[in-house]
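Input: a single structure, listed below in structure tokens.
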Amino acid sequence: MFFKFISFIKNRSLVFKLSTSILLTILIGSFSLSIFISNYSKPLLKEQVISEAYRSLGEVNHNIAQGADIAEQTLVNTARILELKNNVSDKDLEVLAQAGLEAITEQYGHFYEFFIYIPPKSGELANGIFYYSSMKNGKMQTLSWKDTGFAKNREWLNYALKTGKIHWTEPYMAEDQNGEKILSSSVSIPFKFKNSTSWTGVIGTSGNLDAMRSWLNSYKFEANGKYLLTSAKGLYLIHPDKNIELKKTISELANEINSKQLKYVAQQVKLGKSGFVTMPKSSVHNGEVVFVYSPIPKTNWSSYLVYSSSNFYKPVKHFQLILLSVTILGILLLILFINWICKFTTNPIVKLSQIAEKYGKGEFETELPLVESNDEVGVLTQAFYTMRDNLLNLLKIQKENAREEQKRSSELEIATKIQASVLPVNFPQTSNFEIYASMKPAKEVGGDFYDFFFVEENRFAFLIADVSGKGIPAALFMMNAKSLLKSNLLSGYPLDIAINKTNNDLYATNKAGMFLTAFIAILNITTGELEYVNAGHNPPAVKLDNGFEYLKSNTNIVLSAIENYEYKSEKILLKHGNSILIYTDGVTEAQNIKEEFYGEERLLKVLNSKAKEAKNTKEVIKNIEIDIKDFSSGATQFDDITILDIKYL
């Protein structure tokens, strides 16, 4: 029978052969697909349903954990502020308490009080001072009072002082400032003033769990999932059964209903693990349930979703039915159209094979058939059109690319010339100081520049700057900035006023939104006094008695960013033999082939080793450039490298 069938097929047309082959393939594939759907789709779909449950639970957990994190971070930030102080007035502590509550409630509205408690120096927990801020009748109030025993009975205050750790309490009943009984939980952290060897006091905040529970109960979960929430000790904070909620723990309930699975869940959440189990019975649904559980970060609480198995897996059965129906319908449609498809696919393929032969000979003028379908033949025909068009346009594209490259090269050459033309190359030779500067442009020309000049007979100005952007726009902005800086400094303004005026002048004409970082200084060559302004620039390296170190200063913002910004100048006194080295970020952000940065630490090391033995400022800069080159090991230079060194003699 089989051999007769093969013999019969051999004598048929190509269309018949294709039709028969495709039909047999479809029937075999359909049968295999039915087996696959029956045996493998159900667990895969179940996994997707479980993943959706995890996602829903994760979303709720994230919201709760986010609130806990906001509370903890606010406490930590407040503690850091206090740890910078040797002492704080009562008024300032009240302000801090109010600021803490505002910071939390602006981001997470379930917290209703914030306090700072400072016990007496005797070490007793009672008889201290409370600095307290809370919400009363929708308004914030802040006050302080002497404790008469409240703190002594609060184990979480005592725990924080003894352990030095952040501590979350178990839920407890409290009374808010409106006199209402609420379910609450508090978190506290100890702090100490500057130079104190022991904890000074405790900072804490309390959350309204009733508000949070109301918010959580408003969540709607798919498949009629019921949401449960337990505390760190397993107490049910949310449960549909009011005889269980706030009255029983998960372990107690597991023992009561004699559920091994629930006992297992209780053990897993204590270990901080997530998962799901199938339970034959529960306190939420009648019959079999799917119990999904997950711990909540920060609080050690745990949340759960409980589904009736029949509702939970209903989408799986529904999907299987739809998939099977679609498969059968598809088979019927394919059988009806299979012969038609074969006829229409063979003729275009023959034509394309003939055209392909001509294209192989370079005869691209041969006309292609129209694209009449979106199947493989249509795609192949379209590919022939694309191939022909690409080949015919290749020379045109190459010419356009050559013109663009030539234009780009010309722009970069112009920018390089602009940049080089504005940099001073003659360095003053005096008995009071020695100066040298160098600028090595990157391939993509940036906006680095430096300048130096006398503003008065005994006052010498020098500066370095880095303009945002590349190419001609950066070069033009650089020229304008350099001109304004020099003009305002030579006009006799005090340094900070000159910089303020330059900032406003740049801002007024800065339509492109560019900016620059800069370090500007004026050296009194008679007294050694150095006045400077750091406008968002890298910290200079200053050589004092013990070698080079980074100059600590209050960094102002970059120039041309904000109008009417008031820049502040600072002063240091240089001794004879001291020097200051300023540079742009092209130095510290130079990279090697491993994409590692050169960094400030390496620069300082070079200054205190190789550059330390340099005879003059020029050798100092050359030693740095050599070390950057050794570090880069052939890696591309992405930014200008600009350095200026001045030594007070």
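Since we're looking at a predicted model, the values are computed, not measured. The analysis underlying the following values was restricted to heavy atoms, covering all of them including side chains, and did not include hydrogens, waters or symmetry mates.
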How many angstroms lie between atom [atom1] of [X] and atom [atom2] of [Y], to the nearest 0.5 angstrom?
X: L506; Y: M514; atom1: CG; atom2: CE; answer: 11.0 Å
X: F452; Y: N426; atom1: CZ; atom2: CG; answer: 7.5 Å
X: L523; Y: Y532; atom1: CG; atom2: OH; answer: 13.5 Å
X: I203; Y: L82; atom1: CD1; atom2: CG; answer: 5.0 Å
X: I582; Y: F462; atom1: CD1; atom2: CZ; answer: 5.5 Å
X: L143; Y: F130; atom1: CG; atom2: CZ; answer: 11.0 Å

Flag, side chain of [X] to backbone of [Y], donor-acceptor distance under 3.5 Å:
X: N503; Y: S560; answer: yes
X: D466; Y: T517; answer: no
X: S487; Y: S483; answer: no
X: Q98; Y: M140; answer: no
X: S491; Y: Y493; answer: no
X: Y450; Y: T642; answer: no

Does this structure show an ion pair linking [X] with [Y], if we count only N-O contacts that are shorter than 4.0 Å?
X: K605; Y: E601; result: no
X: R80; Y: E83; result: no
X: K298; Y: E72; result: yes
X: E566; Y: K568; result: yes

Indicate the atoms forming the closest heavy-atom contact of [X] with [Y], along with that distance.
X: S569; Y: L495; value: CB-CD2, 4.3 Å
X: Y648; Y: T526; value: OH-O, 3.1 Å
X: A614; Y: N623; value: CB-ND2, 4.0 Å
X: A474; Y: S468; value: CB-O, 3.9 Å
X: W168; Y: S185; value: CE3-OG, 3.9 Å
X: F111; Y: A71; value: CZ-CB, 3.5 Å

Does the side chain of [X] come under 3.5 Å of the side chain of [Y] through a donor N or O and an acceptor N or O?
X: T142; Y: E94; result: no
X: D90; Y: S144; result: no
X: D69; Y: Q73; result: no

request  = Report the C-alpha distance between Y598 and D627 in whole Å, list the side-chain angles of each, state the deciding distance to 0.1 Å, and finish with yes or no for side chain to side chain donor-acceptor pair (under 3.5 Å).
outcome  = CA-CA 9 Å; Y598 184 80; D627 191 65; 2.6 Å; yes
Are [X] and [Y] side-chain neighbours, meaning at least one heavy-atom pair lies under 4.5 Å?
X: V88; Y: Y131; answer: no
X: Y583; Y: E600; answer: yes
X: F193; Y: N195; answer: no
X: L161; Y: Y117; answer: no
X: I572; Y: S553; answer: no
X: L84; Y: K194; answer: no

request  = Indicate, with yes or no, if the rings of Y112 and F114 have centres closer together than 6.0 Å.
outcome  = no
query = Do the ring centers of Y132 and F115 come within less than 6.0 Å of each other?
reply =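 No - the distance between ring centres of Y132 and F115 does not fall below the 6.0 Å cut-off.
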